[in-house]
Amino acid sequence: MRSVPPALLSSAGLIGGFAVTRVQRHRSWSGLVAGVGGLAAVESCRRRSGAGRALLLGGAYAAGLAGSHPLARHIGAWPAVGTATAGVALAAHLLSRHD
């Protein structure tokens, strides 16, 4: 049985985490959603491509999550989340490819 693609998991974590913030107004819950999504994406990548690529994805995920906050001041919250998610999903796709 194949695992869920890391690009899908990372996208769900970033978008889901922000959506929870918008609905619940509790950053702790959104952090939990984003954290679980990121960890699941990293684990899926590790299974597919090894620990080195998984660590790179973890770094890209953290950078996307952190980078979306200052970007939101310039382009808006949802566009910033969408931009960060697209970048992280692309990284996840490239890092989890079978060579």
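- Rounded to the nearest 0.5 angstrom, S68 OG and R73 CZ are separated by 10.5 Å.
- Contact detail for S96 and A92: the closest heavy-atom pair is OG-O, 2.7 Å.
- Here the side chain of S10 pairs a donor or acceptor atom with the backbone of A7 at under 3.5 angstrom.
- Cluster annotation: V33 and V36 are assigned to the same hydrophobic cluster (Ile/Leu/Val/Met/Phe/Trp/Tyr, side-chain heavy-atom contacts under 4.5 Å, transitive).
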> Is there a side chain to side chain contact (heavy atoms under 4.5 Å, CB included) between L14 and Y61 once you walk through the steps?
Replying inline: CA-CA 9 Å; L14 291 170; Y61 190 88; 3.7 Å; yes
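- Here the side chains of V23 and F18 are not in contact, with every heavy-atom distance at 4.5 Å or above.
- When all heavy atoms are compared, the tightest approach of H74 to P70 is CD2-O, 3.3 Å.
- Annotation: side chain of P6 is in contact with side chain of L57 (closest heavy-atom distance under 4.5 Å).
- S44 and S3 share a donor-acceptor pair across their side chains, judged by distance under 3.5 Å alone.
- Here R48 contributes atom CZ and L95 contributes atom CG; the two are 12.0 Å apart, rounded to the nearest 0.5 Å.
- Atoms CH2 and OG1, on W78 and T83 in that order, are 12.5 Å from each other to the nearest 0.5 Å.
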